[in-house]
Amino acid sequence: MKKPVIPHSRPTIGKEVIEAVSKVIASGQIAQGKEVEAFECELVQKIGVKYAAAVSSGTAALHLSLLALGVSAGDEVIIPSYVCTALLNAVNQTGATPVIADIDRDTLNIDPEDVAKRISPSTKAIIVPHMFGLMADMERLTKFGIPLIEDCAQAVGASRGNSMAGSLGAVGIFSFYATKMMTCGEGGMVVSDSRDMIDRVRQSREYDNQDTYSLRFNHKMTDMQAAMGRQQLRKLDDFIARRREIAGMYKQAFNDLALSLPRHASDHIFYRYNITVNQDVSRWIGQMENAGIACAKPVYKPLHHYLDSKACPHTDLAFQKTLSIPIYPTLSDSDIKRIIEAVTRISKEEILKT
Ligand SMILES: *Cc1c(COP(=O)(O)O)cnc(C)c1O
């Protein structure tokens with residue numbers, strides 16, 4: 001009998017989530033209300049910032065953050081190439097011009113040296129995603145003196161020194177999409193120490209009951225989502241601990257194979273476990289699929305490939321050689337064993353072919 005396929009990602013949803021959401025539904029107060037407010041307060045405490053505004057998605061959080069920073073047509077916003085198109089969409093929604101930067105080869109995060117080359121008098125903001133659970137070099141990026149939007153969609157709960165991801169930029173944004181570190185189906189959050197910034201986000205996330213007209217949106221979160229998010233937040237540290245445990249097993253098993261492993265920094269929360277191979281990544285993904293394990297390219301397509309913009313050689317290299325294998329709290333020990341066996345076998349077979 002064929003074993004069931006191990007999916008590339010899967011949310012961890014316990015009974016407590018179902019109970020909390022059911023309670024909200026039964027209460028009759030299902031849209032943005034007390035649960036959303038409580039979720040904002042709890043995230044603020046977790047991240048160590050002053051203010052938060054919940055929104056409908058990570059993309060909405062990016063869009064409203066850019067607007068709150070005053071970004072508009074004629075401005076430039078720097079974003080890395082090796083990331084999903086959400087960043088590109090958010091910048092384009094403001095009318096500003098996206099400027100694409102390359103990544104650091106080792107960390108796969110936006111490269112401060114390449115950013116420096118792309119700064120112009122029109123640069124109004126830099127979006128800094130902490131990719132795959134590893135924080136970007138905030139220290140060097142901060143020195144440019146340009147407002148940073150920390151994109152923590154893949155790094156909820158990550159920290160460096162005493163600072164949580166999301167507390168270091170002008171604003172921090174989060175996504176609670178189904179595949180992320182914690183989820184409420186769809187959802188997002190903007191956090192900041194600036195009351196003014198969060199007030200502006202609150203102003204534009206809803207359109208009703210305003211005295212003056214200006215373009216506003218409907219980017220609200222529901223109380224059903226927030227109830228789920230609050231329960232997930234309580235489990236976040238456990239989720240991270242299990243991800244780190246699995247990463248440790250992978251490291252031990254793969255150390256001697258002809259692969260490059262992700263940087264095992266002590267602050268990595270392993271949203272993804274990316275391995276770099278010497279062979280064709282698509283063939284690897286096919287072989288893993290034959291073994292009943294869903295893998296993926298960590299990024300579907302780099303942004304500079306869509307835009308015909310300047311070369312990003314490190315992004316190209318990562319795109320050609322990196323694959324993401326399953327890592328999430330609900331992987332069982334036997335799933336992990338299957339994954340380790342498949343990677344080990346394919347790696348040995350592929351060496352013979354090259
Ligand atoms: C998922 C993701 C987003 C977008 O979040 P949505 O909630 O799907 O809109 C933005 N940035 C990064 C780095 C992401 O991984």
Side-chain angles (χ1 to χ4, degrees), residues 8-11 36 39 43 52-67 77-94 98 100-101 103-104 107-111 125-136 138 141 148-158 165-166 168-169 171-191 201 205 217-222 225-226 228-229 232-233 243 262 268-274 296-303 306 315 318-319 322 324 327-328:
H8 180 239
S9 51
R10 186 164 54 194
V36 168
F39 188 26
L43 197 80
V55 292
S56 52
S57 70
T59 307
L62 283 171
H63 177 210
L64 299 190
S65 297
L66 289 165
L67 293 181
V77 177
I78 299 177
I79 57 178
S81 179
Y82 200 52
V83 73
C84 62
T85 51
L87 280 74
L88 190 57
N89 288 333
V91 175
N92 282 333
Q93 279 174 65
T94 68
I100 311 295
I103 54 167
D104 178 86
T107 64
L108 306 182
N109 275 318
I110 191 167
D111 176 12
I126 305 170
I127 304 179
V128 182
H130 301 306
M131 294 303 288
F132 314 119
L134 183 66
M135 282 174 72
M138 290 300 289
L141 291 161
L148 305 181
I149 299 177
E150 267 187 286
D151 179 342
C152 312
Q154 306 189 355
V156 191
L168 295 163
V171 295
I173 74 97
F174 296 86
S175 164
F176 308 117
Y177 178 61
T179 62
K180 307 286 166 142
M181 293 295 297
M182 52 173 273
T183 182
C184 42
E186 297 271 6
M189 192 85 78
V190 184
V191 303
V201 171
R205 80 176 164 182
F217 306 90
N218 184 354
H219 283 336
K220 299 195 294 298
M221 180 184 278
T222 68
Q225 291 167 303
M228 184 168 183
Q232 291 263 294
L233 187 58
R243 284 171 178 276
H268 205 317
I269 60 170
F270 293 101
Y271 169 65
R272 292 284 185 235
Y273 198 89
N274 293 327
K297 294 190 172 191
V299 168
Y300 184 78
K301 188 170 168 167
L303 300 186
Y306 289 109
T315 300
F319 182 59
T322 311
S324 162
I327 186 165
Y328 41 85

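In this text, all values refer to a predicted model and were calculated from it rather than measured experimentally. When a ligand or atom number is given, it counts from 1 through the structure's own listing order. For reference, positions follow the sequence shown, starting with 1.
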task: Supply the atom-to-atom distance I327 CD1 to R243 CZ, rounded to the nearest 0.5 angstrom.
output: 6.5 Å

- request: Decide whether an N or O pair under 3.5 Å exists between Y177 and ligand 1.
  value: no

Per-atom contacts of ligand 1 with S57, taking only distances under 4.0 Å to non-hydrogen atoms: 7 (O), 9 (O)

message: Do H8 and S324 pair up side chain to side chain, a donor and an acceptor below 3.5 Å, judged on atom types alone?
response: yes

message: Give me the residue, atom name and distance of the protein heavy atom closest to atom 10 (C) of ligand 1.
response: D151 OD2, 3.5 Å

task: Nearest heavy atom to atom 2 (C) of ligand 1 wins, so pick from M131, K180, Q154.
output: K180

Near-ring test Y271/H130, centroid separation under 6.0 angstrom: no

- prompt: In terms of ring plane angle, is the pair F39 and F176 parallel, tilted or perpendicular, where the classes change at 30° and 60°?
  reply: tilted

task: For T85 and L303, run side chain to side chain contact (heavy atoms under 4.5 Å, CB included): C-alpha distance rounded to whole Å, both residues' side-chain angles, the deciding distance at 0.1 Å, then the answer.
output: CA-CA 7 Å; T85 51; L303 300 186; 3.8 Å; yes

query: Nearest protein heavy atom to atom 9 (O) of ligand 1, by residue and atom, and its distance?
result: T59 OG1, 2.6 Å

task: Using the six-membered ring of F319, assess whether NZ or CZ of K301 lies under 6.0 Å from its centre and within 45 degrees of the ring axis.
output: no

message: Closer than 4.0 Å to some heavy atom of G58 - which atoms of ligand 1 meet that?
response: 5 (O), 6 (P), 7 (O), 9 (O)

Residues, nucleotides or ligands: over 12 heavy atoms within 6.0 Å of Y177 OH: no

message: Checking a contact table here: which protein heavy atom is nearest atom 5 (O) of ligand 1, and how many Å away?
response: S175 OG, 3.3 Å

task: Number the atoms of ligand 1 from 1 as they appear, then name those within less than 4.0 Å of a heavy atom of A86, with their elements.
output: 3 (C), 4 (C), 10 (C)

query: Using a heavy-atom cut-off of under 4.0 Å, does the side chain or the backbone of L87 touch ligand 1, or both, or neither?
result: side chain

message: Would F176 count as a polar contact of ligand 1, with the cut-off being nitrogen or oxygen pairs under 3.5 Å?
response: no

